[in-house]
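Note sheet for the following structure.
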Amino acid sequence: MPQYQAVKGARDIFPEETARWKYVEGVVHALAALYGFSEIRTPVFEYTELFQRGIGATTDIVGKEMFTFLPDPGGKSLTLRPEMTAGVMRAALQKNLLGTAPVHKLYYISELFRKERPQAGRQRQFSQFGAELLGVSTPAAVAEVITFMMQVFETLGLRGLRLRINSLGGTHDRQRYREALQAYFSPYRDRLDAPSLERLEKNPLRILDSKNPDMQELVAGAPKLYDYLDADALADFEKVLFFLSERGIAFEIDHRLVRGLDYYCYTAFEVTGSELGAQDAVGGGGRYDGLARELGSSADVPAAGFAAGMERLLMTMEKQGLFTALTPHSPLVYVVLQQQEFSDHAMQVAFRLRKSGISTEIDLAGRSMKSQMREANRVRSSYALIIGENEVVTGQYTLKNLVTSEQTALSLETLLEILHEPALKE
RNA sequence: GUGAUUGUAGCUCAGUUGGUUAGAGCGCCAGGUUGUGGCCCUGGAGGUCGGGGGUUCGAGUCCCCUCAUUCACCCCA
């Protein structure tokens with residue numbers, strides 16, 4: 001075992017895998033542009049207080065999953081960001097973005113940190129791509145955010161994803177419902193498991209998505225959030241669903257869907273995949289009108305957004321065989337020299353090729369010609385450019401097609417012309 | 001944070017009831033004559049058997065601790 005290992009829950013991504021990341025990131029960037037979202041990058045750490053206020057002090061994220069540290073004695077506590085929304089909202093408020101235009105559409109691909117026990121689809125450092133639409137949270141806005149997310153999944157070729165959606169109502173609706181739930185569950189205290197008992201006080205909504213089978217019966221009889229929504233909330237929800245239907249986006253209404261973060265209100269949604277194991281959420285989001293005020297804004301900032309887990313996305317794509325078409329980049333030409341005495345000459349030829357835009361590889365270790373040829377083959381170079389005594393004397397280099405094994409003698413000028421033919425680069 | 005699981009070469013794995021210099025396939029490296037890859041052949045490098053302690057004449061094999069992995073719970077992307 002090596003003396004040093006990557007930190008628990010953090011991993012290295014090597015070139016083969018990097019290609020996949022770049023592919024997925026490329027799709028995200030392209031579709032963001034299509035939908036009019038602009039990229040924002042915020043610091044990886046923030047003052048701890050931001051997350052305590054923004055995400056909610058009673059949530060697990062804030063309660064036990066943050067990497068928090070003191071940069072210097074007496075300084076303010078800092079935390080590695082466990083999610084993006086609070087930081088993006090902070091940035092928007094700090095710059096008074098909404099003062100420059102009423103609506104801002106932002107997206108990101110960023111690393112996040114959560115101190116959880118690693119398992120399938122969950123690590124301590126992970127990436128999400130997501131979008132935040134600030135300034136409006138109309139059904140059209142919420143639908144836009146969901147549509148953007150779903151189109152990314154669709155473009156990547158993902159199959160079998162489930163989009164579940166629910167309305168949490170406004171704060172007043174939720175308050176009434178909360179009380180109703182407490183009233184319902186309180187008589188059954190002895191039948192609730194430990195976690196549910198704790199939620200009864202803190203956040204009774206969360207009892208609803210308990211995975212404990214013993215709770216199912218009890219949960220099934222609980223009052224439905226849907227019955228506590230007022231007319232406006234219902235109309236709002238219906239409109240969101242209408243937009244999704246119009247766009248052919250399949251969804252399931254799930255009245256028990258409750259998102260974990262405190263700032264969500266009205267529409268909340270989640271996308272799950274069947275190939276991920278226990279951590280099956282690929283993406284999720286919702287509307288969070290109250291967050292800005294929570295962070296000290298004097299005015300409400302209507303907003304909606306989503307976040308999707310890059311690792312889980314990649315994992316699902318891998319399982320569904322969506323990366324087969326991705327081939328590693330290989331050089332067009334591998335410069336092979338017969339004897340070391342021609343090394344300087346060969347180096348200069350390689351340089352000329354590269355300078356003119358032809359991807360070229362050449363041995364740097366002084367290995368034998370046989371080794372160089374093997375290497376050329378191994379890296380799947382299309383051509384070997386052989387340089388030996390004859391070539392140096394005559395100025396005619398030997399170009400060998402490594403697929404057909406044909407060889408031709410060419411001057412450097414002709415070589416550059418031929419290698420620039422688009423057909424050869426395929 | 002809780003529970004379970006696994007830990008032998010770069011990778012996938014063998015290693016008999018504890019018994020001499022720990023193996024295979026793939027990969028890697030080098031050769032297979034005088035300037036040429038893929039296939040094939042030959043050879044080679046590479047492991048403190050996760051780490052530490054213990055039992056034993058003797059431990060990769062047994063016991064304890066520890067670290068890491070994986071999976072699940074909690075929660076979330």
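Order of the sequence lines sets the chain letters (A, B, ...), proteins ahead of strands, with each chain counted from 1.
Across all strands shown, B:U36 has no partner, as no Watson-Crick or G-U wobble contact with both distances under 3.5 Å is found. Look at B:A24: its Watson-Crick or wobble partner, with both distances under 3.5 angstrom, is B:U12. Taking a pair to require two hydrogen-bonding distances under 3.5 Å in either a Watson-Crick or a G-U wobble arrangement, B:U17 remains unpaired.
Among the nucleotides B:C28, B:A77, B:C73, the one closest to any side-chain atom of A:Phe126 is B:A77. Comparing atom distances between the A:Glu375 side chain and each of B:C29, B:A72, B:A77 picks out B:C29 as nearest. Of the listed nucleotides (B:G37, B:U36, B:G31), B:G37 has the atom at the smallest distance from the side chain of A:Leu402. Closest contact between the side chain of A:Gln123 and the listed nucleotides B:A77, B:C28, B:C74 involves B:A77.
Under a 3.5 Å cut-off, the side chain of A:Arg20 and the backbone N or O of A:Leu314 do not form any donor-acceptor pair.
Rounded to whole Å, the P atom of B:U66 lies 12 Å from the corresponding atom of B:G3. Distance noted for atom C1' between B:G52 and B:C57: 23 Å (whole Å). Going from the P atom of B:G43 to that of B:A4 covers 49 Å, rounded to whole Å. The P atoms of B:A45 and B:C65 are separated by 40 Å, rounded to the nearest whole Å. Between B:U6 and B:C74, the two P atoms lie 23 Å apart (nearest whole Å). The C1' atoms of B:A22 and B:C13 are separated by 14 Å, rounded to the nearest whole Å. B:U8 sits 10 Å from B:G51 when the P atoms are compared, rounded to a whole Å. Only the P atoms considered, B:C26 is 39 Å distant from B:C64, to the nearest whole Å.
Using a 4.0 Å heavy-atom criterion, one finds that A:Gly121 contacts the bases of the nucleic acid, with or without backbone contacts as well. Among the heavy atoms of the strands, none lies under 4.0 Å from A:Glu311. Residue contacts shown for A:Glu65 are limited to sugar-phosphate atoms, with no base heavy atom under 4.0 Å away. Counting any heavy atom pair closer than 4.0 Å across all strands shown, A:Ala376 reaches no nucleic acid atom.
Take the nearest nucleotide of RNA chain B for A:Val7 and for A:Ser405: the residue whose nucleotide is more 5' is A:Ser405.
Salt-bridge annotation for A:Arg81 and A:Glu83: absent, with no side-chain N of the basic residue lying under 4.0 Å from a carboxylate O of the acidic one. Between A:Glu270 and A:Arg164 there is a salt bridge, with a side-chain nitrogen of the basic residue lying less than 4.0 Å from a carboxylate oxygen of the acidic one. Salt-bridge annotation for A:Lys105 and A:Glu132: absent, with no side-chain N of the basic residue lying under 4.0 Å from a carboxylate O of the acidic one.
Here the P atom of nucleotide B:G3 and the CZ atom of A:Arg117 are 8 Å apart, to the nearest Å. Rounded to a whole Å, the CZ atom of A:Arg124 is 17 Å from the C1' atom of B:A77. Separating the CD atom of A:Gln372 from the C1' atom of B:C29 is a distance of 15 Å, rounded to the nearest angstrom. Here B:U36 presents its P atom at 22 Å from OH of A:Tyr383, a figure rounded to the nearest Å. Between the P atom of B:U36 and the CG atom of A:Leu337 lies a distance of 13 Å, rounded to the nearest Å. Taking atom CG of A:Asn377 as the reference point, atom C1' of B:C29 lies 16 Å away to the nearest angstrom. Protein atom NZ of A:Lys370 is 11 Å distant from nucleotide atom C1' of B:C40, rounded to whole Å. Separating the CE atom of A:Met315 from the C1' atom of B:U70 is a distance of 12 Å, rounded to the nearest angstrom.
Screening A:Leu241, A:Val271, A:Ile249 against A:Ile165 for a side-chain contact (heavy atoms from CB on, under 4.5 Å) leaves a single residue, A:Leu241.
In this model, the phosphate group of B:A72 is approached by a side-chain N or O of A:Gln119 to a distance below 4.0 Å at OP1 or OP2. At B:A77, none of the side-chain N or O atoms of A:Ser127 fall inside 4.0 Å of OP1 or OP2 (strictly under the cut-off). A sub-4.0 Å separation between OP1 or OP2 of B:G38 and a side-chain N or O of A:Arg374 is present. Residue A:Arg367 places at least one side-chain N or O closer than 4.0 Å to OP1 or OP2 of B:A30. Contact annotation: A:Ser371 side-chain N/O to B:A30 OP1/OP2 distance is under 4.0 Å.
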Quiz item: Could you walk me through whether A:Thr147 and A:Arg247 pass the side-chain hydrogen bond (donor to acceptor under 3.5 Å, both in side chains) check?
Solution: CA-CA 8 Å; A:Thr147 306; A:Arg247 296 168 195 183; 2.8 Å; yes

Quiz prompt | Chi angles and distances behind the ring pair (Phe, Tyr, Trp, His ring centres under 6.0 Å) call for A:Phe113, A:Phe45 | solution = CA-CA 10 Å; A:Phe113 306 85; A:Phe45 48 24; 9.8 Å; no

